[in-house]
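Chain naming here is simple, since letters A, B, ... match the order of the sequence lines and numbering starts at 1 in each.
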Amino acid sequence: MRTRIAPSPTGSLHLGTVRTALYNQLLAMSTGGEFCFRLEDTDRTRSKEEHTDEIIRGFEWLGIKWHGEMLRQSERDSHYQEHIDRLLSENKAYKCYATPEELDEMRKQQRANKEQEGYDNRSRDLSPAAVAAYETEGRSWVIRLNLGQDRDIQWDDVVRGPMSINTRDLGGDPIIQKGNGQVLYNFAVVVDDYEMQMSHVFRGEDHLTNTAKQIAIYQALGISAPIFGHLPLIFTKDRAKLSKRKHGDIAGVDKYRNEGYLPEALVNYLIATSYSNGVDEVYALDHAAKDFNPDRISKSPAVYDIDKLNWYNREYMAKLSYAELMQELQPYLKYDLAKFDEAQQEALIEAIRGNLNKFSDINQNLVYFFEDEPIEEKLTKFIDEGANVLQELYKLLSADDFDYSDAAAIKDAINALGEKLELKGKKLFWPIRIAISSRSHGPDLGLVISLLGREKVLERLSQCMNSVRS
RNA sequence: GCCCCCAUCGUCUAGUGGCCUAGGACACACGGUUUUCAUCCGUGCAGCAGGGAUUCGAAUUCCCUUGGGGGUACCA
């Protein structure tokens, strides 16, 4: 089995492209076949080298590896020309001299008459005299495939089952080579998939009509087509195809790499949307490959859900050791942890790692260790209500011999204070936590106080006590 | 407009005629643990789009309706 991913470098790496790549790779892996990579850059004006780099970088980050060299369509013009010439000589393709203006006019008429829109094959059977006339006129031409008599084009889709599209619904004889000599996508794909000996082509559902056109080309060329499978699209909550244009950077892989998602999590999430083996939820690529069965790919679109992705990411982050986590966190760290000793750093990071959806979340969990933040309006009442707690705590913590180095001991002291004041739970902890960290959520209080140290803790405490409204 | 595809909790899905009082996961709500926070655990919430037909029996098969989506380029 040979499969491929064939992205077009006209934009950043799209989540849908990644998922398509994943299924193709899974397919190859599960049978010991090969998974290849081809760049669909036939449209020179829209293809950009920066996008090519971006795509490759994205695949590398995700751990998606392909077999052999990356093939560029832009370097294969001679291969295409050979096949074009043959179709021309066999009368399976022809020159069309219609100008864009004429075609526009044709479509306008069709719309006005409520006829089916599409090319009317007017140049299909041009007389030699007519051709000569156009030539002397100096008109340029495109090459169109002669679809011949209307007929059903059929294939057995691995995902969708039996498919049938009639050639009359293809919009007329399709152009396979532009006026400037560049071959069109549908033609290049066929030639390449054939020469690369692809056995299976899995791609997005948006290619369903293209597949019919491509099969027509395979037939004209007299070569056999691969097995096709059409994957459901990825939607957003608004139930439209996830796209960079409409939905911004959530559609691209870069966002997830930049924000500090684990590639394994993104891979897992993407596979699991539209595919399930009925048992596993969290798994790596090679595990999924063991029993991968394309028949189980879902037919209906999958709605992109950031909550689920976050959940996967937390699952994978939880597996990281402290050392691994620190290394991943390093590029995102806005604050210098060096003011804490090694043991303190570890205690801190271990205490807040459960709060992270992604690595870039680290800073928001660290701010109050490095900066003074205003207390949220809705939290100030806890300060007012707990003024006596703060006072008592201040007395305790301002004692010359109070030891700030032992987080557990600090916690014990707070507990003792609670008993003394006959307060417990939120009544005891929230005033303290809010006064010291400006927040109602955070890691263990003993640890926070210990890390902040005498000076900062007393400063914040006294500041809060001064602002109490009695 | 025309062609094509799709249809199980809010979301991802299991389910291939009786094992379904429709299972799991995310999210959400509540409870327990943590005298606070996070974690963890438990419970709950919630669905076969509608209508016909076939059948002793239908989420599962067929038809229609409705809804959603994709395609319809000298883009890919």
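Residue A/N166 is classed as having no contact, given no heavy-atom separation below 4.0 Å to the nucleic acid. Within 4.0 Å of A/G425, counting heavy atoms only, lies at least one base atom of the nucleic acid. No contact: A/T45 has no heavy atom under 4.0 Å from any strand. Here A/N415 lies in heavy-atom contact (under 4.0 Å) with a base. Looking at heavy-atom distances under 4.0 Å, A/R160 makes contact with sugar-phosphate atoms alone, never a base. Using a 4.0 Å heavy-atom distance criterion, A/R314 is classed as a sugar-phosphate-only contact. At the heavy-atom level, A/R203 lies nowhere under 4.0 Å from the strands shown. The residue A/T42 sits close only to the backbone: its heavy atoms come under 4.0 Å of sugar-phosphate atoms, none of a base. Residue A/Y304 is classed as having no contact, given no heavy-atom separation below 4.0 Å to the nucleic acid. Residue contacts for A/P443: at a heavy-atom cut-off of 4.0 Å it reaches a base atom on one of the strands shown. No contact: A/D41 has no heavy atom under 4.0 Å from any strand. Nucleic acid contact for A/V303: sugar-phosphate only, since backbone atoms but no base atoms lie under 4.0 Å from a heavy atom of the residue.
B/U39: no Watson-Crick or G-U partner with both key distances under 3.5 Å is found in any strand. Shown here, B/G17 forms no base pair; nothing in the strands shown gives a Watson-Crick or G-U wobble contact with both key distances under 3.5 Å. The base-pairing partner of B/C28, taking Watson-Crick or G-U wobble contacts with both distances under 3.5 Å, is B/G44. Partner assigned to B/G1 is B/U72, using Watson-Crick or G-U wobble distances below 3.5 angstrom. Here B/A7 sits opposite B/U66 as a Watson-Crick or G-U wobble pair (both hydrogen-bonding atom distances under 3.5 Å).
Rounded to an integer number of Å, the gap from CD of A/E281 to C1' of B/C26 is 8 Å. One can place CZ of A/R433 at 11 Å from C1' of B/U34, the figure rounded to the nearest angstrom. A straight line from CZ of A/R139 to P of B/C74 spans 16 Å, rounded to a whole angstrom. Distance CG (A/D152) to P (B/C4): 9 Å, rounded to an integer number of Å. Between A/N180 atom CG and B/C75 atom P the separation is 8 Å, expressed in whole Å. Between the NE2 atom of A/H441 and the C1' atom of B/U34 there is a distance of 14 Å, rounded to whole Å. The separation between A/K411 atom NZ and B/U36 atom P is 9 Å, rounded to whole Å. Per the geometry, CG belonging to A/N277 stands 20 Å off P belonging to B/G23, to the nearest Å.
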Verify side chain to side chain donor-acceptor pair (under 3.5 Å) between A/E40 and A/Q73, making sure each step is shown before the conclusion.
CA-CA 6 Å; A/E40 315 248 279; A/Q73 289 188 325; 2.8 Å; yes
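Sequence order on RNA chain B of the closest nucleotides to A/M163 and A/S276 puts A/M163 first from the 5' end. Heavy-atom nearest nucleotides on RNA chain B were determined for A/G442 and for A/E117, and the one closer to the 5' end corresponds to A/E117.
Distances were taken from every side-chain heavy atom of A/F429 (C-beta onward) to each of B/U35, B/A76, B/C26; the shortest belongs to B/U35. Looking at the side chain of A/Q116, the nearest of the listed nucleotides B/C26, B/C2, B/C6 is B/C2. Checked against B/G68, B/C5, B/C3, the side chain of A/D169 finds its nearest nucleotide in B/C3. Side-chain atoms of A/D305 lie closest to B/C26 of the nucleotides B/U36, B/A14, B/C26. Considering only side-chain atoms of A/K241, the nucleotide from B/A76, B/G71, B/C6 that sits closest is B/G71. Looking at the side chain of A/L103, the nearest of the listed nucleotides B/G71, B/C4, B/C74 is B/C74. Side chain of A/W430, nearest nucleotide from B/C2, B/C37, B/C5: B/C37. The nucleotide whose nearest atom lies closest to any side-chain atom of A/T273 is, among B/G15, B/C5, B/U13, B/U13. Side-chain atoms of A/L233 lie closest to B/G69 of the nucleotides B/U35, B/C12, B/G69. Considering only the side chain of A/L184, B/C74 comes nearest among B/C74, B/C3, B/G68.
The aromatic ring centroids of A/H207 and A/Y185 lie less than 6.0 Å from each other. Checked against the 6.0 Å centroid criterion, the rings of A/Y275 and A/F292 qualify as a close aromatic pair. Taking the six-membered ring for Trp and the full ring otherwise, the centers of A/F370 and A/Y335 sit less than 6.0 Å from each other.
Enclosure of atom NZ in A/K237 by more than 12 non-hydrogen atoms of other residues, nucleotides or ligands within 6.0 angstrom is indicated.
Taking atom P on both B/G50 and B/A59, the two are 11 Å apart, rounded to the nearest angstrom. Spacing between B/C45 and B/A25 at atom P, rounded to whole Å, works out to 15 Å. Using atom C1' as the reference point in both B/G42 and B/U33, the two lie 11 Å apart (nearest Å). When the C1' atom is used for both B/U13 and B/C62, the distance is 26 Å, rounded to whole Å. A distance of about 24 Å separates the C1' atoms of B/A29 and B/U35, rounded to the whole Å. Taking atom C1' on both B/G52 and B/C75, the two are 45 Å apart, rounded to the nearest angstrom. Of the P atoms belonging to B/C12 and B/A7, the separation is 12 Å, rounded to the nearest Å. Taking atom C1' in both B/A14 and B/C9, the straight-line distance is 13 Å, to the nearest Å.
Stacking between A/H207 and B/G70 is absent: the aromatic ring centre is not both under 5.5 angstrom from the base six-membered ring centre and within 30 degrees in plane angle. A/W311 does not qualify as a stacking partner of the B/C26 base, lacking a centre-to-centre distance under 5.5 Å together with planes within 30°.
A salt bridge links A/R160 with A/E205: the distance from a Lys NZ or Arg NE/NH1/NH2 to an Asp or Glu carboxylate oxygen falls below 4.0 Å. Salt bridge present: A/R439 and A/E373 bring a charged side-chain N and a carboxylate O closer than 4.0 Å. Checked for salt-bridge contact, A/R139 and A/E137 meet the test: a charged N lies under 4.0 Å from a carboxylate O. With respect to A/D305 and A/K308, no salt bridge is recorded, no charged nitrogen being found less than 4.0 Å from a carboxylate O. By the 4.0 Å N-to-carboxylate-O rule, A/R76 lies close enough to A/E195 to be salt-bridged with it.
Taking only side-chain nitrogens and oxygens, A/S8 never comes nearer than 4.0 Å to OP1 or OP2 of B/C75. When the side-chain nitrogen and oxygen atoms of A/R46 are compared with OP1 and OP2 of B/A73, none of them lie within a distance under 4.0 Å. The shortest distance between the side-chain N/O atoms of A/T209 and the OP1/OP2 oxygens of B/G70 is not below 4.0 Å.
One N or O donor and one acceptor, one from the side chain of A/K308 and one from the base of B/A25, sit under 3.5 Å apart.
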